[in-house]
Amino acid sequence: MSNKVRVRFAPSPTGGLHLGGVRTVLYNYLFARHHGGEFVLRIEDTDQTRFVEGAEEYIYKCLEWCGLEPDESTKKGGPYAPYRQSERKHLYYQYAQQLVDKGYAYYAFDTPEELERRRSEMAKDGHAGTNFQYDATTRRQMRNSLSLSTAEVLELLDKNTPYVIRIKVPFGQTVTFTDMIRGEITFDTSLVDDKVLLKADGMPTYHLAVVVDDYLMKITHAFRGEEWLPSAPVHLLLWKYLGWEADMPQWAHLPLILKPDGNGKLSKRDGDRLGFPVFAMDWNDPKTGETTRGFKEIGFLPEAFVNMLAMLGWNPGKEQELFSLSELVQYFSIERVHKGGAKFDYEKAKWYNQQHIHHSSDEKLLPLVKPYIVAHAPAVDDTYLLKVIGLVKERCGLLPDFWEQGHFFFETPEIKELDAIKAKWDDNKRSFFNSWKENLSSVSDWEHTTIEQTFTDSLQQHGLKKGDIMLPLRIMLVGGKYGPGVFVIAEMIGKEETLKRIQNALSLL
RNA sequence: GGCGCGUUGGUCAAUCGGCUAAGACGCCUCCCUUUCACGGAGGAAUGACGGGUUCGACUCCCGUACGUGCUACCA
């Protein structure tokens, strides 16, 4: 019996992969790698009404982009295949039946309409906000194998009456477990309802499936969002009733990622509203045809995205903030995960990206940046692009910024700040540019130091200071007040283009 | 409503009873750069509230408030 760490990420393929989802994957992955364990991807597609075409494939793409690939999955296979719950459908019934046989669960014949009616009656009855709960206090009033006689039950079953199997949650017991992040957590079972385990269509609900599969797949540590905490007692009871208590994984309920303004769980809507991505990658909803922007497409580096996510709810207890994935693996510990939810801060997310861009080599950046440049300037030379990347990368927060910050290396820019030159323009300056152009034409080694030398020489002849001309020159070459050193830019774009841009600007003044 | 969970600057957060309460993002000032950015130096800004326990509480306990999650044949 090995006690190898095994964790799992178990998404339901119903849409875009949310920030919080990626962080759950990340913590699973980091924990597994840190302990030399295995990371499993299990697809929880037990709700056939929510099936979305392409969602599963999309999840794989996101994990691949993030560099968080599972050891076992529906794609990769593994010793506990299949990893898609819909393909494991046949497994669940026997466990549900086993629970019925032992008196821990029962058949219920109430139709969804009947249940709905009970709920609305309850709401009307002056108990606003109070919900009808199917539990020890009410199940005798319902139609199930506990309230009906054996003969009635048999007859209903015989007539193929649709039924569900519900767990029989005991009254007045205390259920306790230790969460790796939150410590001891206690529930009173009287407040827990008789959750459906097996649906009328024969599919298990999350509650049954998660314990059966975690057991069968020998999961040792189970991480999930805090929103699952209230249903933890059901899962605990199930582990116990199925006789697997000794093999139950250790639980950790992760804090939520909150919206930046106000409070509450971060949703796709918040991203749309506040103008930042929430999904890892672009998601095209096949039903609405709508596309939601992802971090990848907006110009994030996967390692920056992962670094930022890791720090949202966890910290290493030291001052370092920039980590590679392998460093995160090295330092990660679940105990250092924060208990409280964290508000997502897009500004800080961009800072992480800027830092990772800054610290990446030009060669590594080349293939990532190139598409953004080629979109505007199809014929780019890699060697030239490489130099540009080195020159502008520290002023880029997002990949598309490379074009914004370096477009003038590839095209003659529109002079947007002509007014800034005009303000202090005079004949002497014009005459300076005319004579400097002459000098420039005869420069044979077109190199920034030489260019600057002729510049200084011409300056002296006209009794001008460097400060008088630097800004006009920059605007002539760049179009605005930004960019790397002007003489380096002149060197890069070449003599002909430099002269052309000066002449062009002169004609506008 | 009930139950669970949470609460250190605007945001992410360190602190595991000794605090004159780190650091980062953002903001402001200055330096560097005769541009912008990077980088550097500063600055403003924090323990929800009330009770205990203790020589000493941000740290432990109890209440209160506030926030949030759940309360489906969804996950």
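Every chain is numbered from 1 and lettered A, B, ... according to where its sequence line falls, protein lines coming before strand lines. Please read all numbers here as calculations on a predicted model, not as lab measurements.
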For nucleotides 57-61 of chain B, print each protein N/O atom paired with a nucleotide N/O atom at under 3.5 Å, atom names and distance only.
none

Considering only nitrogen or oxygen atoms on both sides, find all protein atoms under 3.5 Å from nucleotides 9-13 of chain B and state each distance.
residue, atom, partner, partner atom, Å
C12(B), OP1, Lys343(A), N, 2.8
C12(B), O2', Met311(A), O, 3.2
A13(B), OP1, Gly313(A), N, 2.7
A13(B), O3', Asn315(A), ND2, 3.0

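With rounding to the nearest 0.5 angstrom, the CE atom of Met142(A) is 5.5 Å from the CZ atom of Arg118(A).
Between the P atom of C74(B) and the CD atom of Gln48(A) lies a distance of 10 Å, rounded to the nearest Å. The CG atom of Asp135(A) sits 15 Å away from the C1' atom of A72(B) (whole-angstrom rounding). As rounded to whole Å, 13 Å separates atom C1' of C70(B) from atom OH of Tyr206(A). When rounded to the nearest whole Å, the span between CD of Glu227(A) and C1' of A72(B) equals 15 Å. Across the protein-nucleic acid pair, Asn263(A) atom CG and C66(B) atom P stand 13 Å apart, rounded to whole Å. The nearest whole Å value for the distance from the CD atom in Glu226(A) to the C1' atom in U7(B) is 12 Å. The separation between Arg143(A) atom CZ and C73(B) atom C1' is 15 Å, rounded to whole Å. Atom CG of Leu229(A) and atom P of U71(B) are 13 Å apart (whole Å).
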Output, in order, the C-alpha distance, side-chain angles, deciding distance and verdict of salt bridge (Lys or Arg N to Asp or Glu O under 4.0 Å) for Glu113(A) and Arg117(A). CA-CA 6 Å; Glu113(A) 293 71 32; Arg117(A) 207 175 57 235; over 6 Å; no

Apply salt bridge (Lys or Arg N to Asp or Glu O under 4.0 Å) to Asp193(A) and Lys195(A), showing your working. CA-CA 6 Å; Asp193(A) 63 329; Lys195(A) 287 260 184 289; 2.6 Å; yes

Check step by step if ring-ring contact (aromatic ring centres under 6.0 Å, His included) holds for Phe305(A) and Tyr352(A). CA-CA 8 Å; Phe305(A) 180 55; Tyr352(A) 277 105; over 10 Å; no

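Side chain to side chain, Tyr331(A) and Asn315(A) fail the donor-acceptor criterion of an N or O pair below 3.5 Å. There is a side-chain donor-acceptor pair under 3.5 Å between Tyr106(A) and Asp194(A). No donor-acceptor contact under 3.5 angstrom links the side chains of Ser147(A) and Gln141(A), judged on distance only.
Interface residues of residues 178-193 of chain A facing RNA chain B, ordered by number: Arg182(A), Ile185(A), Thr186(A), Phe187(A), Leu191(A); criterion, heavy-atom separation under 4.0 Å.
Annotation: cation-pi pair Lys199(A)/Tyr163(A) absent, no NZ/CZ under 6.0 Å from the ring centroid and within 45° of its normal.
The nucleotide whose nearest atom lies closest to any side-chain atom of Gln133(A) is, among U71(B), C73(B), U15(B), U71(B). Set against C73(B), C74(B), C25(B), the side chain of Arg50(A) has C74(B) as its closest nucleotide. When distances are taken from the side chain of Thr46(A) to each of C25(B), A75(B), C70(B), the shortest belongs to A75(B).
Taking atom C1' in both C49(B) and C66(B), one finds a spacing of 10 Å when rounded to whole Å. For the P atoms, the distance from A13(B) to A75(B) is 30 Å, rounded to whole Å. On the P atoms, C62(B) is 15 Å away from U53(B), given to the nearest whole Å. Only the P atoms considered, C31(B) is 38 Å distant from U15(B), to the nearest whole Å. Nucleotides U20(B) and U34(B) place their P atoms 46 Å apart, quoted to the nearest Å. Rounded to whole Å, the P atom of U29(B) lies 45 Å from the corresponding atom of C61(B). U64(B) and C27(B) are spaced 42 Å apart, taking the P atom of each and rounding to whole Å. One P atom belongs to G63(B), the other to G2(B), and the distance between them is 15 Å to the nearest Å.
In this structure, the side chain to side chain donor-acceptor pair (under 3.5 Å) partners of Ser267(A), at least two apart in sequence or on a different chain, are Asp270(A). Residues passing the side chain to side chain donor-acceptor pair (under 3.5 Å) test with Glu303(A) are Lys364(A), sequence neighbours excluded. Every side chain to side chain donor-acceptor pair (under 3.5 Å) that Arg224(A) has, sequence neighbours left out, goes to Tyr206(A), His235(A), His253(A).
Between Arg224(A) and C5(B) there is no side-chain polar atom (N or O) within less than 4.0 angstrom of OP1 or OP2. A close approach under 4.0 Å does not occur between any side-chain nitrogen or oxygen of Arg42(A) and OP1 or OP2 of A75(B).
Counting only residues at least two apart or on different chains, the salt bridge (Lys or Arg N to Asp or Glu O under 4.0 Å) pairs with a member in residues 342-352 of chain A are Glu321(A)-Lys348(A), Glu347(A)-Lys350(A). Screening residues 454-467 of chain A for salt bridge (Lys or Arg N to Asp or Glu O under 4.0 Å), with sequence neighbours left out, gives Glu452(A)-Lys466(A). Listed by first and then second residue, the salt bridge (Lys or Arg N to Asp or Glu O under 4.0 Å) pairs involving residues 10-23 of chain A amount to none (not counting sequence neighbours). Counting only residues at least two apart or in different chains, side chain to side chain donor-acceptor pair (under 3.5 Å) contacts with residues 389-405 of chain A comprise Asp362(A)-Lys393(A).
With the 3.5 Å cutoff on both pairing distances, Watson-Crick and G-U pairs in RNA chain B assemble into runs of at least 3 at B:1-7 with B:65-71, B:10-12 with B:23-25, B:27-31 with B:39-43, B:48-52 with B:60-64.
Taking the six-membered ring for Trp and the full ring otherwise, Tyr27(A) and Trp314(A) have centroids separated by 6.0 Å or more. Ring to ring, Phe409(A) and Phe402(A) are not that close: their centroids are 6.0 angstrom or more apart. The aromatic ring centroids of Phe487(A) and Phe455(A) lie less than 6.0 Å from each other.
RNA chain B is contacted by both Gly317(A) and Asp47(A); Gly317(A) maps to the nucleotide lying nearer its 5′ end (nearest heavy atom per residue).
Within 4.0 Å (heavy atoms only), Lys265(A) reaches sugar-phosphate atoms of the nucleic acid but no base atom.
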How does each nucleotide of nucleotides 34-41 of chain B score, in 5' to 3' order, for protein heavy atoms under 4.0 Å: base (B), sugar-phosphate only (S), or none (-)? BBBBSS--

